[in-house]
Each structure stands twice: as structure tokens, then as C-alpha cells.
Amino acid sequence: MSGGISGIHADHLTIHGSDKGFSFKTTPGRGGYIKEVVISDVEMDGIRVAIEFIGNLSSHPDDDFDPSELPVIDQITLKNMVGTNISVAGVLSGIDGDPFTAICLSNLSFSITDSAYSTPWSCSNVSGYSESVFPEPCSELYTSSSNSSICFSLPSYSALAVA
């Protein structure tokens, strides 16, 4: 990512037999943003990592980049997700000095089946809110006020019917 994406709403998804359910990836020097994203009503089965946020991908198309150009990851809401045969619920790793913010997890339930991983969640350099999440996520995903107003939602939209 070197530009930006925002205003994304994805729902009613089924993901089966994949390495990752959802993966948001960036790195210092890319700039840009991922913000105002809502993903909801998801069923996953046979996924190694259900939710991944990676801030140090260390991948650039060439050596001509400015490492001070930091990306913005903000206002991401993941809600109403069920997962079976999940190895790791989430790996959320922001950028040191440029944390990913306003990450909201609501009504997530993952059945962790792989005991090779010591913990279902791993977090660093992220902040946000969570409610009704199993297994319980990292402490970084609790706001001090425990207020769900951190959760982002897009204005109502109407989908076109496809025959």
C-alpha cells in the first residue's frame, strides 16, 4: 500500500482453507492510509491466522523511498465473525512510533484448534476497543473508558440487486 483506501464495507463473507482470513499490510516508507473500513458477518473455517495487521512488511519496489513516510491505519471495525479450526485468532503489529489506532473488534468467536501457538492473540503498537470477543484479545484492544464509540461504522448503503 502506498496510496490509500477508505470507506470500505465488506459483509456476508465465507472464507475456507486459507492462510489468512483478513490481512492489512504496510511498512514505513510507504505512506498512505487504510481507514474507515467495516468488515462484518463473516464465517471462517480452516484458517491459520484469522486477523492480521502487519506494520513492518519491509517490502519496497525500489530503494528510492523515504522511511519517514509513515502510513495511517485508523478506524477499522471487524464485527460479527465466527471461525472454526483457527490456529491464531489475531496478530496485530503496528509500527513503533506510528501505532494503528481505533481498531474495533465486536462479536467475534474463534474456535482455536492448534495448540502449537502459545497464545491466540499477539499485539503491539495498536490501540482500540473490543466487546464480546472469544478468545479474549490483547489488552491493547481495550480503551481506558471501555467506550464502543471508538468503533467506526459507515453510513447506510443500499446494494444493487443482481439477477
Side-chain angles (χ1 to χ4, degrees), residues 1 4-6 8-11 13 15 18-59 67-154:
M1 181 201 76
I5 62 170
S6 67
I8 303 298
H9 185 191
D11 62 7
L13 305 172
I15 304 169
S18 180
D19 188 48
K20 309 278 173 42
F22 295 96
S23 184
F24 299 83
K25 302 182 289 187
T26 189
T27 197
R30 299 296 281 182
Y33 57 87
I34 301 173
K35 61 183 181 178
E36 302 170 357
V37 175
V38 178
I39 301 174
S40 65
D41 303 306
V42 177
E43 293 181 12
M44 293 186 237
D45 180 57
I47 308 296
R48 189 177 67 80
V49 178
I51 300 168
E52 176 185 69
F53 285 72
I54 299 296
N56 282 308
L57 195 57
S58 299
S59 176
S68 68
E69 289 292 325
L70 299 175
V72 173
I73 310 300
D74 184 53
Q75 295 181 311
I76 311 292
T77 296
L78 306 174
K79 63 182 182 177
N80 303 330
M81 296 185 178
V82 175
T84 55
N85 301 314
I86 306 293
S87 297
V88 176
V91 175
L92 288 78
S93 178
I95 298 169
D96 195 22
D98 182 37
F100 297 170
T101 56
I103 307 301
C104 175
L105 307 178
S106 177
N107 195 30
L108 277 56
S109 180
F110 297 133
S111 172
I112 306 299
T113 59
D114 194 339
S115 61
Y117 299 94
S118 60
T119 179
W121 292 91
S122 171
C123 300
S124 64
N125 299 306
V126 296
S127 67
Y129 174 81
S130 62
E131 66 181 356
S132 301
V133 176
F134 181 83
E136 188 172 311
C138 310
S139 62
E140 292 88 342
L141 298 175
Y142 296 109
T143 60
S144 59
S145 64
S146 295
N147 185 344
S148 65
S149 66
I150 196 170
C151 296
F152 176 76
S153 63
L154 290 166

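What you see is a predicted model; the values in this text were computed from it and never measured. Along the sequence shown, the residues carry numbers beginning at 1. Atoms considered below: every heavy atom in the structure, side chains included; atoms not considered: hydrogens, waters and symmetry mates.
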From CG (L78) to CZ (F22), nearest 0.5 Å: 7.0 Å
Would you please name every residue forming a side chain to side chain contact (heavy atoms under 4.5 Å, CB included) with S6, sequence neighbours left out? Y33, K35, E36
Using only heavy-atom distances, determine whether the side chains of T84 and D45 contain a donor-acceptor pair under 3.5 Å. yes
Test item: E69 and R30 side chains (from C-beta on) under 4.5 Å apart, heavy atoms: no
Shortest non-hydrogen separation from N56 to P28 and the atoms involved: OD1-CD, 3.3 Å
Taken in chain and number order and not counting sequence neighbours, the residues that satisfy side chain to side chain contact (heavy atoms under 4.5 Å, CB included) with C123 are L92, V126, C138, E140, L141
Quick check: closest heavy atoms across L108 and K79, and the distance to 0.1 Å? CD1-CA, 3.9 Å
Interatomic spacing from CD1 in I73 to CD1 in I103 - rounded to 0.5 Å: 7.5 Å
Starting from the C-alpha separation in whole Å, work towards a yes-or-no answer on side chain to side chain contact (heavy atoms under 4.5 Å, CB included) for S40 and H9. CA-CA 8 Å; S40 65; H9 185 191; 3.7 Å; yes
Distance, nearest 0.5 Å, that separates CD1 of I47 from CD of E52: 12.5 Å
P137 versus L105, closest heavy-atom pair with distance: CB-CD1, 4.4 Å
Assess, by modelled atom type and distance only, whether the side chains of D74 and T101 contain a donor and an acceptor separated by less than 3.5 Å. yes
CD1/I95 to OG1/T27 distance, rounded to the nearest 0.5 angstrom? 6.0 Å
Within a 6.0 Å radius of atom CG on D96, are there more than 12 heavy atoms belonging to other residues, nucleotides or ligands? no
In Å, rounded to the nearest 0.5 Å, how long is the span from CZ of F100 to CD1 of I76? 9.5 Å
Heavy-atom pair with the smallest gap, counting every atom of G31 and P71: O-CB, 3.2 Å
Give the minimum heavy-atom separation between R48 and S87, together with the two atoms involved. O-CB, 3.2 Å
Output the distance between atom NZ (K25) and atom OG (S93), rounded to the nearest 0.5 Å. 14.0 Å
Compare every heavy atom of V133 with every heavy atom of S106, then report the nearest pair and how far apart it is. N-CG2, 4.4 Å
I34 side chain reached by F53 side chain, heavy atoms, under 4.5 Å: no
Would you sort out whether F110 and M81 count as a side chain to side chain contact (heavy atoms under 4.5 Å, CB included), showing the intermediate values? CA-CA 8 Å; F110 297 133; M81 296 185 178; 4.3 Å; yes
